[in-house]
2 protein chains.
Amino acid sequence: MPTPPPPTGPAGLHDIRETNLGSVLRAIREGAPCSRAEVAAATGLTKATVSSIVTELIDRGLVRESGATAERRVGRPGVMLSLDDRGFVALGLEVNVDYLTLVAVDLLEREVVALHEPFAARDAGPEECAARLADLALRALEEPSLAGRALLGVGVAVPGMIDAAEGRVYDAPNLGWRNVPLRAWLRELLRKGGTPDVPVLVDNDANLGAVAEYRGGHLSHTPDLVYITGEVGIGAGVLVGGALLRGSTGQAGEIGHIPLRRGGPRCGCGRRGCLESLAGIDAILRQTVPDLVPAGPLPGTDLAAAVAATVERAQEGRGAVQRALRRSGTWLGRGVATLANLVDPDVVILGGYFAPLAPWLLPACRAAVQAHAIAPRRGGLRVEVSELGLTAAARGGAAALIEALDTGRTPPPSPASR
Amino acid sequence: MPTPPPPTGPAGLHDIRETNLGSVLRAIREGAPCSRAEVAAATGLTKATVSSIVTELIDRGLVRESGATAERRVGRPGVMLSLDDRGFVALGLEVNVDYLTLVAVDLLEREVVALHEPFAARDAGPEECAARLADLALRALEEPSLAGRALLGVGVAVPGMIDAAEGRVYDAPNLGWRNVPLRAWLRELLRKGGTPDVPVLVDNDANLGAVAEYRGGHLSHTPDLVYITGEVGIGAGVLVGGALLRGSTGQAGEIGHIPLRRGGPRCGCGRRGCLESLAGIDAILRQTVPDLVPAGPLPGTDLAAAVAATVERAQEGRGAVQRALRRSGTWLGRGVATLANLVDPDVVILGGYFAPLAPWLLPACRAAVQAHAIAPRRGGLRVEVSELGLTAAARGGAAALIEALDTGRTPPPSPASR
DNA sequence: CCAATTAGTTTGGTTACTGAACTAACGAGG
DNA sequence: CCTCGTTAGTTCAGTAACCAAACTAATTGG
């Protein structure tokens, strides 16, 4: 009972319609195919209200009637409803140190198009990178499988500190970006490319990874969930009751730089013993495949290959490699335990390059979590591995747009805009 | 944009009224004395709507008209509104290792009655303690200054892990409590004492301390705020956007047991090097006034005196004492930095017994935060000292009840119940 | 073919907000 | 002193959204 906050404007009839549009849409997403009557039961709304709302959703192209019921029960059969997966797409993009990724999903969050290209973002600079992103998006929209679909919006994941409200990248050290107004740039580039004006959403890769896991991963619908990126940096996206924890300056979840080991190795941030310097991909590669990585900042382009080499050597049974991975796993576990003590999630998901390394990282990580997380927890904290691969953040970008629809926050697009 | 969560029932006309009742109540709280027209301007609602809502609030005894305006401006003068501080009280209680505290506040959250008594809760056991709490509440309600007031509810702070929804204390190691259905007990005791059935709210002392600071402290209205208890345990109450961060099992904010120093001193939880074992009041007293504290668990009853002795010795200029405090301050700072990296609050407030020790703890603490928190923060994290003393948690218990009114979540009490 | 059952729509009623017109109370200026 | 301009608050008609209940529709089972 002692919770919700003040920040509210005046509430009007409009808000309640919005809320209920969202409820019905969600009910259909979860129950499809289902009848209006079932939706009414699921949401607690009246049949009459559901009818009215469903009509509106159909008008807007979000829902469709898909024939009569299959079941043969007594009584009039209901007409089945499902999300209309034909009319819309949402694009998710990710910039990272060594690649660009695009995922296009339909209303069901099924992947319709996926593009991936290696790209040394650090060398190219932000302008060039934005141009490539826009180009990727425009190319995707040309694909035959997207023909005739209306664009719901574009969600972009960037590894760094973001002002999501403004769509600006404050600081992305691993890309060498500072104060980049990415949303504005992309808006402009997309307009020039002939795309109608749509929402462009910019967010941290860890945050969007968490959204992707929440909405689409194998652990989905766990509302208190943390996603940890295993890229060059380590970041955490924290979902609390299904909502992103952003913090006062939008920098919550900066798990990479919590101090773990006094006098530990020097970190990119200038301090010593940060989690990132002990368990970041950079640190791991330098210990496991020192012959494949140069000194100085990682150029990135062959990160995936280097990680694959590490996996190979570990599988060969090289003790030194396995020990190094276990050590990193232990540090990671200490970091996760700290996070768990403060935020108390249900599950922590290791993503990015941590996923392929999980066979060696995970046991040590779990043991360390067990040892350091506060004791007798009902249920207990789970530490799991992502199955979304390197597209997690991009998927999250797209998923965030779908979610906005689901909650009724963004009013569903009007038929005119299609 | 990528945030709010699913958990919503059907929205109806009722909800919007509730929301707006809350908005108007808050506007009056912040603007009083103010006219209906001013409230309309502040909330964005129509004059007509405001009139209707204000009438309802007056009927319910929450608001009153307090004469005409003082200002002499052209035009018809408005009739001034303020919260009616005469009709209601909310009680806040706190159990701690060495004392019980009660605070009664009116709608303006002004203290109407305060009771404090030393009490060795650990020795007495939970039943006895609940009885004493109920007795304290009943005694308070007899006070002449509360005569004729209706009771809004009772909020109880307990240092331990709480299921706030059920009002049950899972585990309070420092009290020696396990699985105590405190709400049920208190409900029963209060009923026997002849009190009408009111909401009884049980929560963690750190959480309620945070609520108290948010609503009444000198840093109030900072929506991203962390309150740290300095009692026998160290706990953090985390407010995110004005709402409590609870976590999946209600155990968020367990900052006391984050591992800071490998091979550090043994902690009560069985591990080594927890923050609590390095900077808890227990640890501090054992280093600064070893002659005044026995071995074994602190009996508690003279904690205040022992802390006072520490302050005295530090003021006398004893180097060893000052050094010990600085050391603890530094560890505290490392803990705060970790918390800040993960949760990104605006301000961290040190409460409880940390407050009197702040002159020595705070500089070291701030320095450590500066050194370990992630670098270039807009505005920067503030670390401040609570001014609420040992009543913070109890005040928070009462404040949480007032807040429930303010948000319209709890429907304002009907005139009948007064 | 009719009863029972379930689905969906229609209708009438209630609740809350809005906008606009109206009444009320005051200062200022002739 | 009276009128005008100004601001406060109320009243009233209108609209939007919900709900409950009655109604229509489409089946199965006897």
Side-chain angles (χ1 to χ4, degrees), chain A residues 8-24 27-28 31-59 63-81 408 411-412, chain B residues 8-24 27-28 31 33-59 63-82 408 411-412:
Chain A
T8 1
L13 296 289
H14 184 249
D15 302 76
I16 140 170
R17 184 61 162 195
E18 205 167 68
T19 307
N20 288 336
L21 275 168
S23 302
V24 169
I28 296 176
C34 59
S35 66
R36 289 167 173 80
E38 285 163 338
V39 171
T43 56
L45 294 162
T46 325
K47 286 194 294 172
T49 306
V50 169
S51 261
S52 148
I53 289 177
V54 165
T55 312
E56 182 167 347
L57 290 173
I58 291 177
D59 278 354
V63 166
R64 65 173 161 170
E65 298 187 333
S66 48
T69 185
E71 294 181 58
R72 320 209 109 258
R73 282 199 326 271
V74 65
R76 168 176 171 179
V79 343
M80 295 294 108
L81 302 170
Chain B
T8 2
L13 296 287
H14 184 248
D15 302 75
I16 140 171
R17 183 61 162 195
E18 206 167 69
T19 307
N20 288 337
L21 275 167
S23 303
V24 169
I28 295 177
C34 58
S35 66
R36 288 167 174 80
E38 284 162 338
V39 171
T43 56
L45 294 161
T46 325
K47 285 194 296 173
T49 307
V50 169
S51 261
S52 149
I53 289 177
V54 165
T55 314
E56 183 168 347
L57 291 173
I58 291 177
D59 279 354
V63 165
R64 65 172 161 170
E65 298 187 333
S66 48
T69 186
E71 294 181 59
R72 320 211 113 257
R73 282 201 324 274
V74 65
R76 171 177 168 178
V79 345
M80 294 293 108
L81 303 170
S82 16

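Chain letters run A, B, ... following the sequence lines, proteins first and then strands; every chain starts at 1.
- For the pair A/T49 and D/dC19, the criterion of a side-chain N or O lying under 4.0 Å from OP1 or OP2 is met.
- With rounding to whole Å, B/I53 atom CD1 is found 15 Å from D/dG9 atom P.
- For the residue pair B/R36 and B/V50, the shortest heavy atom distance occurs at O-CG1, 3.7 Å.
- Rounded to an integer number of Å, the gap from CG of A/L21 to C1' of D/dC18 is 13 Å.
- Distance B/E38 CD to D/dT6 C1': 15 Å, rounded to the nearest Å.
- Defined by atom type and a distance below 3.5 Å, a donor-acceptor pair is present between the side-chain atoms of B/R17 and B/S52.
- Between A/L81 and A/S35 the shortest heavy-atom distance is CD1-C, 4.3 Å.
- Note: CD1 (B/I58) to P (D/dG9) measures 11 Å, nearest angstrom.
- Checking C/dT6, C/dG8, D/dA8 against the side-chain heavy atoms of B/R73 singles out D/dA8 as nearest.
- A sub-4.0 Å separation between OP1 or OP2 of C/dC17 and a side-chain N or O of B/R17 is present.
- Residues A/S23 and A/T43 have side chains that never bring a donor and an acceptor to within less than 3.5 angstrom of each other.
- Taking 4.5 Å as the limit, some side-chain heavy atom of B/L13 sits within range of a side-chain heavy atom of A/L13.
- For the pair B/K47 NZ and C/dA20 P, the interatomic distance rounds to 12 Å; values are reported in whole Å.
- Residue B/A37 is in sugar-phosphate contact alone, with no base atom involved, counting any heavy-atom pair closer than 4.0 Å across all strands shown.
- Two residues, A/V74 and A/A48, neighbour DNA chain D, and the one matched to the more 5' nucleotide by heavy-atom proximity is A/A48.
- The phosphate of D/dA17 (OP1 or OP2) has no side-chain N or O of A/N20 nearer than 4.0 angstrom.
- Taking atom CD of residue B/E18 and atom P of nucleotide C/dT15, one finds them 16 Å apart after rounding to whole Å.
- In this structure, B/L13 and B/G75 both approach DNA chain C, and ranking their closest nucleotides by distance from the 5' end singles out B/L13.
- Residue A/T46 places its side chain closer to D/dA20 than to any other of D/dA20, C/dT9, C/dT6.
- When the P atom of D/dT27 is taken as reference, atom CE of A/M80 falls 12 Å away, rounded to whole Å.
- Between the side chain of B/R76 and the base of C/dA25, no donor-acceptor pair of N or O atoms lies under 3.5 Å.
- The side chain of B/I16 approaches C/dC17 more closely than any other nucleotide in the set C/dA4, C/dT9, C/dC17.
- In this entry the distance linking CG of A/L45 with P of C/dG8 reads 15 Å, nearest Å.
- Within the 4.0 angstrom heavy-atom criterion, only backbone atoms of the sugar-phosphate kind lie near A/S35; the bases stay farther away.
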